[in-house]
Number of protein chains: 2
Amino acid sequence: MRNDGETIELIERLARLVTNEGHAHGLKPAQWEALRYLARANRFSRTPGGLTAYLGLTKGTVSQTLMSLERAGLVEKTANPGDARSVQLGLTEKGRALLPLDGMATIQKAFEALPQPLRATLGDGVAALVTSALAARSGRAFGICHDCRHFAADARGPGQHYCRLLKQPLEDAEAEQICQEQEAA
Amino acid sequence: MRNDGETIELIERLARLVTNEGHAHGLKPAQWEALRYLARANRFSRTPGGLTAYLGLTKGTVSQTLMSLERAGLVEKTANPGDARSVQLGLTEKGRALLPLDGMATIQKAFEALPQPLRATLGDGVAALVTSALAARSGRAFGICHDCRHFAADARGPGQHYCRLLKQPLEDAEAEQICQEQEAA
DNA sequence: GGATATGGTATCGAGTCAATACCATTGGAG
DNA sequence: CTCCAATGGTATTGACTCGATACCATATCC
């Protein structure tokens with residue numbers, strides 16, 4: 001029988017495996033994490049500050065990583081209309097093309113090789129553990145927009161949603177992205 | 001409902017949380033992983049080569065990390081009787097004293113806060129995923145000695161076990177440690 | 001309109017990591 | 001028994017990560 005200590009060791013091992021996969025195609029783990037985040041985050045969250053909160057690092061570190069990605073032509077910065085201090089981040093064509101080559105695909109394949117009841121079960125367990133660990137460090141959830149308590153579906157007509165917190169309209173596609181401000185409904 | 005893609009995102013997030021916890025007490029994540037490995041590995045596996053295989057890194061990298069730990073007085077090297085090329089690693093008193101301050105304790109607490117059926121379930125899922133991911137990269141399991149097909153229980157009397165592969169006697173305590181050579185029974 | 005908060009960047013030092021080169025010892029094969 | 005390839009480690013280099021600290025511009029609040 002497996003005891004709790006062994007499970008912790010396995011979680012540690014899994015974390016190492018994920019990190020190791022992050023060296024695909026000459027990029028570094030932190031760079032891949034930034035790329036994946038930018039591919040999934042909505043326009044309110046695609047900023048250096050958003051990425052900093054997501055990764056749980058300091059802003060100086062994240063600024064460095066973003067500069068290296070910008071130098072490599074994978075990420076571009078544009079001015080944020082409405083706040084001249086802030087910066088909007090986005091993937092370039094080249095950056096987007098790199099996404100399918102992500103080393104996480106290896107983990108994903110291993111995951112998909114598991115029988116179905118186990119997959120669902122693992123999802124539940126990991127979700128609960130992440131929630132619990134995030135709560136312990138008072139970190140944000142970065143959940144999906146449409147699962148948020150500030151989300152108003154079809155508030156402006158079919159497919160025209162609305163964020164009550166940021167007072168902004170939302171397209172269908174955006175409702176599927178992750179958001180800095182998301183709070184469970 | 002959660003789909004498979006979301007589970008992968010959560011696994012990625014969990015890996016980042018584990019890595020972030022690795023900065024406790026001025027050490028780095030890789031240094032903590034080395035310390036934990038040395039605390040759990042048996043005498044056949046407590047070598048730079050064993051740690052290299054466990055972490056899935058190159059030997060040069062691991063050599064660097066071990067040197068920094070030796071400079072800090074947390075790890076000590078002794079000659080390996082029987083092979084003058086090899087080195088035996090061990091934790092110093094100071095290194096052993098540091099173990100309970102491990103940042104993984106935070107993750108462990110979050111894990112223990114989960115209700116029981118979920119804990120067991122998560123353990124099963126993570127075990128299966130790690131096994132599957134390791135197989136994909138043909139990595140070793142580093143399982144517990146007494147679960148190995150080379151393990152002969154009480155072969156030399158009660159509590160006097162034996163490794164058929166390395167042809168070495170094993171004490172009770174060693175049978176509970178992880179081993180480089182372990183293969184599921 | 002000035003204090004303070006916020007979003008980012010610049011710089012430094014220690015560490016990580018792969019790659020390459022290198023050095024001993026070991027263990028075969030002739 | 002002597003080469004010689006394989007094995008276990010270390011040394012060095014260069015790009016990147018990361019926290020800490022300092023700093024700058026724009027926003028916001030009184």
Side-chain angles (χ1 to χ4, degrees), chain A residues 15-35 44-72 74-89 103 137 180-181, chain B residues 15-35 43-72 74-89 103 180-181:
Chain A
R16 166 54 62 176
L17 285 169
V18 169
T19 302
N20 285 158
E21 293 301 338
H23 287 274
H25 297 85
L27 294 189
K28 296 299 163 80
Q31 298 177 320
W32 275 114
E33 291 191 87
L35 248 42
F44 314 120
S45 313
R46 266 192 322 264
T47 65
L51 182 56
T52 298
Y54 183 78
L55 296 179
L57 303 173
T58 59
K59 51 186 185 169
T61 295
V62 170
S63 182
Q64 289 287 84
T65 295
L66 287 171
M67 284 194 302
S68 75
L69 289 174
E70 201 182 7
R71 272 199 309 276
L74 304 175
V75 162
E76 56 193 356
K77 296 175 181 170
T78 58
N80 184 335
D83 190 338
R85 293 170 304 179
S86 188
V87 173
Q88 281 274 346
L89 300 171
R137 62 155 62 187
Q180 218 178 350
E181 312 289 354
Chain B
R16 167 55 62 178
L17 286 169
V18 169
T19 303
N20 285 159
E21 293 301 340
H23 287 274
H25 298 85
L27 294 190
K28 297 298 164 81
Q31 298 178 321
W32 275 114
E33 292 190 86
L35 249 42
R43 68 194 136 103
F44 313 119
S45 313
R46 264 190 326 261
T47 64
L51 182 55
T52 297
Y54 183 77
L55 295 179
L57 303 173
T58 60
K59 51 188 186 169
T61 296
V62 170
S63 182
Q64 290 285 85
T65 296
L66 286 170
M67 284 194 302
S68 75
L69 289 173
E70 201 182 7
R71 273 201 307 277
L74 304 175
V75 162
E76 57 192 357
K77 296 175 181 169
T78 58
N80 185 336
D83 190 337
R85 293 170 302 180
S86 188
V87 172
Q88 281 275 343
L89 300 171
Q180 220 179 344
E181 313 289 354

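Chain naming here is simple, since letters A, B, ... match the order of the sequence lines and numbering starts at 1 in each.
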Distance, rounded to the nearest Å, where [X] contributes [atom1] and [N] contributes [atom2]:
{"X": "B:Leu35", "N": "C:dT16", "atom1": "CG", "atom2": "P", "result": "12 Å"}
{"X": "A:Trp32", "N": "C:dC17", "atom1": "CH2", "atom2": "P", "result": "18 Å"}
{"X": "B:His23", "N": "C:dG15", "atom1": "NE2", "atom2": "P", "result": "12 Å"}
{"X": "A:Leu55", "N": "D:dT17", "atom1": "CG", "atom2": "P", "result": "11 Å"}
{"X": "A:Leu51", "N": "C:dG8", "atom1": "CG", "atom2": "P", "result": "10 Å"}
{"X": "B:Lys77", "N": "C:dA24", "atom1": "NZ", "atom2": "C1'", "result": "15 Å"}
{"X": "A:Gln64", "N": "D:dC16", "atom1": "CD", "atom2": "C1'", "result": "9 Å"}
{"X": "A:Asn80", "N": "C:dG7", "atom1": "CG", "atom2": "C1'", "result": "10 Å"}

Among [options], find the nucleotide with the atom closest to the side chain of [X].
{"X": "B:Met67", "options": "D:dA11, C:dG8, C:dT16", "result": "D:dA11"}
{"X": "B:Thr65", "options": "C:dT16, D:dG19, D:dC16", "result": "C:dT16"}
{"X": "B:Thr58", "options": "C:dT25, C:dA18, C:dT16", "result": "C:dA18"}
{"X": "A:Ser68", "options": "D:dT17, C:dA18, D:dT10", "result": "D:dT17"}
{"X": "A:Ser86", "options": "D:dT17, C:dG7, D:dG8", "result": "C:dG7"}
{"X": "B:Leu57", "options": "C:dA24, C:dC17, D:dC18", "result": "C:dC17"}
{"X": "B:Lys28", "options": "C:dG15, D:dG19, C:dT9", "result": "C:dG15"}

[X] and [Y]: which non-hydrogen atoms are nearest, and at how many Å?
{"X": "B:Ser45", "Y": "B:Gln180", "value": "OG-N, 2.8 Å"}
{"X": "A:Ser86", "Y": "A:Thr47", "value": "OG-CG2, 4.0 Å"}
{"X": "A:Leu51", "Y": "A:Ala34", "value": "CD2-CB, 3.7 Å"}
{"X": "B:Gln88", "Y": "B:Arg43", "value": "NE2-O, 3.2 Å"}

Item checked: CG on B:Leu55 to OG1 on B:Thr61, rounded to 0.5 Å ->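 The distance works out to 10.0 Å.
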
Notebook entry, point to check: For DNA chain C, whose closest nucleotide is more 5', that of A:Asn20 or that of B:Asp83?
Noted result: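 This one resolves to A:Asn20.
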
Notebook entry, point to check: Got a donor-acceptor pair under 3.5 Å from the side chain of A:Ser63 to the base of C:dG8?
Noted result: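 Flag unset: no donor-acceptor pair detected.
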
Checklist line | 5'-most by nearest nucleotide on DNA chain D - A:Gly26 or A:Arg85 | finding: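 It is A:Gly26 whose nearest nucleotide is closer to the 5' end.
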
Next item on the list: Hey, which sits more toward the 5' end of DNA chain D by its nearest nucleotide, A:Lys59 or B:Pro48?
Entry: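 Nearest-nucleotide comparison on DNA chain D picks B:Pro48.
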
Item checked: Residue pair B:Arg16, B:Asn20: steps toward the side-chain contact (heavy atoms from CB on, under 4.5 Å) verdict -> CA-CA 6 Å; B:Arg16 167 55 62 178; B:Asn20 285 159; 3.4 Å; yes

Check: Any side-chain N or O of A:Arg16 less than 4.0 Å from the OP1 or OP2 oxygen of C:dC17?
Finding: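 Answer yes for this pair, as a side-chain N or O of A:Arg16 is under 4.0 Å from OP1 or OP2.
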
Margin query: Under 4.0 Å, heavy atoms only, any strand: does B:Thr47 hit a base, just the sugar-phosphate, or nothing?
Written below: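 Result for B:Thr47 = sugar-phosphate.
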
Margin query: Heavy atoms only, 4.0 Å cut-off, all strands: where does B:Val62 land among base, sugar-phosphate and nothing?
Written below: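 No contact at all - B:Val62 keeps every heavy atom at 4.0 Å or more from the nucleic acid.
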
